[in-house]
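These notes concern the structure reproduced below.
In this text, all values refer to a predicted model and were calculated from it rather than measured experimentally. Just so it is clear, the values below take in all heavy atoms, side chains as well, and ignore hydrogens, waters and symmetry mates.
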Amino acid sequence: MQRAGGRSAGARGGDVNEARLEERRRLVALQRRIGDGVAMPIRRVRPSKRGADAKPRRAISDRQLVDGVFVEGLTISGLLKKQNWGLGGATVQAAAAALAAALDRLSGPAPRPRMAAAFYGTRASWPVEEEA
């Protein structure tokens with residue numbers, strides 16, 4: 001079956017697949033920029049210090065932090081709570097700083113500003129010489 005514009009109906013599926021592949025490539029590139037670092041590493045704490053009935057914390061990777069906040073819609077505190085972290089100010093600040101660093105990497109390198117200069121007519125010289 002020929003469609004308007006000269007394409008057959010079957011050719012359209014290739015366009016959709018190509019678009020999906022391109023989106024997948026872009027997603028993988030963004031995930032590589034985030035990296036596989038650990039945003040919130042686990043430090044060893046004695047059970048007597050953290051409490052006998054406390055659940056063990058889990059490390060939070062940079063990717064989990066970005067996905068939790070921007071894909072799952074969690075707050076930083078909600079993500080920390082989900083991973084059994086305390087909600088102290090220092091912990092939330094550390095997670096926010098790790099999220100900011102991951103987003104900086106995600107945005108990629110900053111473009112260099114282009115410098116340009118244009119001169120119209122004669123260039124002024126300094127100091128200006130006065131005519132006698």
Side-chain angles (χ1 to χ4, degrees):
M1 176 175 167
Q2 193 73 12
R3 301 190 75 183
R7 289 187 173 176
S8 65
R12 191 164 172 234
D15 294 340
V16 172
N17 287 336
E18 286 299 319
R20 285 183 179 165
L21 284 173
E22 182 59 31
E23 287 299 316
R24 176 69 182 155
R25 286 184 202 114
R26 290 175 55 194
L27 181 62
V28 168
L30 291 174
Q31 289 171 348
R32 281 190 190 133
R33 284 184 185 172
I34 293 171
D36 16 331
V38 178
M40 301 293 292
I42 299 294
R43 289 178 299 163
R44 221 174 147 87
V45 179
R46 294 176 180 249
S48 60
K49 295 263 184 177
R50 77 171 171 240
D53 59 341
K55 294 180 182 178
R57 293 185 294 191
R58 292 180 267 176
I60 302 173
S61 70
D62 292 330
R63 171 93 185 275
Q64 284 176 316
L65 188 59
V66 171
D67 286 349
V69 172
F70 292 102
V71 176
E72 297 175 31
L74 298 172
T75 62
I76 292 176
S77 299
L79 181 68
L80 290 172
K81 189 174 181 181
K82 182 179 174 183
Q83 300 292 337
N84 299 325
W85 283 77
L87 300 179
T91 306
V92 174
Q93 281 182 341
L99 179 62
L103 292 177
D104 283 344
R105 289 190 305 275
L106 182 65
S107 67
R112 292 180 52 168
R114 295 183 182 189
M115 295 184 64
F119 296 101
Y120 300 99
T122 59
R123 294 177 71 177
S125 60
W126 190 262
V128 177
E129 298 177 17
E130 295 184 24
E131 295 182 19

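Note on residues 83-101: no pairs pass salt bridge (charged side-chain N to carboxylate O under 4.0 Å, His left out), not counting sequence neighbours. Within the structure, every pair that satisfies the salt bridge (charged side-chain N to carboxylate O under 4.0 Å, His left out) test and touches residues 63-90, not counting sequence neighbours, is listed here: R63-D67, E72-K82. For residues 96-105, the side chain to side chain donor-acceptor pair (under 3.5 Å) pairs, not counting sequence neighbours, are D62-R105.
At least one side-chain heavy atom of S77 sits less than 4.5 Å from a side-chain heavy atom of V92. Residues F70 and L99 are in side-chain contact: their nearest non-hydrogen atoms beyond the backbone lie under 4.5 Å apart.
Checked against side chain to side chain donor-acceptor pair (under 3.5 Å), R20 has no partners two or more places apart in sequence or in another chain. In this view, L79 and I60, L65, L74 satisfy the side-chain contact (heavy atoms from CB on, under 4.5 Å) rule, not counting sequence neighbours.
Residue T91 comes nearest to G86 through the heavy atom pair CG2-O, 3.5 Å, listed as atom of the first residue, atom of the second, then distance. Closest heavy-atom contact between A102 and V66: CB-CG2, 3.7 Å.
For the pair Q83 (side chain) and L80 (backbone), a donor-acceptor distance under 3.5 Å is absent.
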- Go through the steps for V69 and I76 under the test side-chain contact (heavy atoms from CB on, under 4.5 Å), then give the verdict. CA-CA 7 Å; V69 172; I76 292 176; 4.2 Å; yes
Do any side-chain atoms of residues 25-34 form donor-acceptor pairs under 3.5 angstrom with protein atoms, and if so which ones, sequence neighbours left out?
{"residue": "R25", "atom": "NH1", "partner": "E22", "partner atom": "OE1", "Å": "3.2"}
{"residue": "R26", "atom": "NH1", "partner": "E23", "partner atom": "OE2", "Å": "3.1"}
{"residue": "R33", "atom": "NH1", "partner": "L106", "partner atom": "O", "Å": "3.0"}

